[in-house]
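One is the number of the first residue; the rest follow in order along the sequence.
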Amino acid sequence: MKNILLEQLKEIKELKVRTDVPLKDFTTFKVGGPADIFLTPETDKALQKTLNVISDVLDKSENPFFVLGKGSNIIASDRGYRGIIIYTGQLETINIQEIGRAH
């Protein structure tokens, strides 16, 4: 499932996809172990597509995700995050019209 998800995410333009990224680099307290998958959308359109892919592919109960802004007032575990971090700290604005798709 993780490989299928990564393949689909890598197809999204303006989305940086990385694995095992230390969260300490993205929190003001400078603590936190690696996130399994770390996504950085460069535009709100890329963020929208990312959320659509995640909602289509993942069973959220087994594969959690967390939307991280600029990382202030966040304390991440040194054990890391077993799931997906969507880092929006580089976006100036976020304008999402609709999350998910009708089935």
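- Considering only residues two or more places apart in sequence or on other chains, E42 meets the side-chain contact (heavy atoms from CB on, under 4.5 Å) condition with E14.
- Sorted pairs that involve residues 4-13 and meet side-chain hydrogen bond (donor to acceptor under 3.5 Å, both in side chains), not counting sequence neighbours, are lacking altogether.
- When side chains are defined from C-beta on, I37 does not count as touching F65, because their heavy atoms never get closer than 4.5 Å.
- With sequence neighbours left out, D36 forms a salt bridge (charged side-chain N to carboxylate O under 4.0 Å, His left out) with R82.
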message = I'd like to know whether L9 forms a side-chain contact (heavy atoms from CB on, under 4.5 Å) with I12, so could you lay out the CA-CA distance, the side-chain angles of the two residues, the decisive distance to 0.1 Å, and finally the verdict.
response = CA-CA 6 Å; L9 290 169; I12 298 173; 4.1 Å; yes
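- What you find for K24 and K30 is that their closest heavy atoms are O-CD, 3.3 Å.
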request  = Report the C-alpha distance between T40 and Q90 in whole Å, list the side-chain angles of each, state the deciding distance to 0.1 Å, and finish with yes or no for side-chain contact (heavy atoms from CB on, under 4.5 Å).
outcome  = CA-CA 8 Å; T40 307; Q90 294 181 336; 3.2 Å; yes
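- Through chains of ILVMFWY side-chain contacts below 4.5 Å, I75 is grouped with F29, V31.
- One finds the OG1 atom of T50 at 4.0 Å from the CG atom of L15 (value rounded to the nearest 0.5 Å).
- The hydrophobic cluster containing F26, built from Ile/Leu/Val/Met/Phe/Trp/Tyr side-chain heavy atoms closer than 4.5 Å, also comprises V21, L23, F38, F66, L68, I74, Y81, I85, Y87.
- Every residue meeting the side-chain contact (heavy atoms from CB on, under 4.5 Å) condition with T88, not counting sequence neighbours, appears here in chain and number order: L47, V67, I86, L91, I94.
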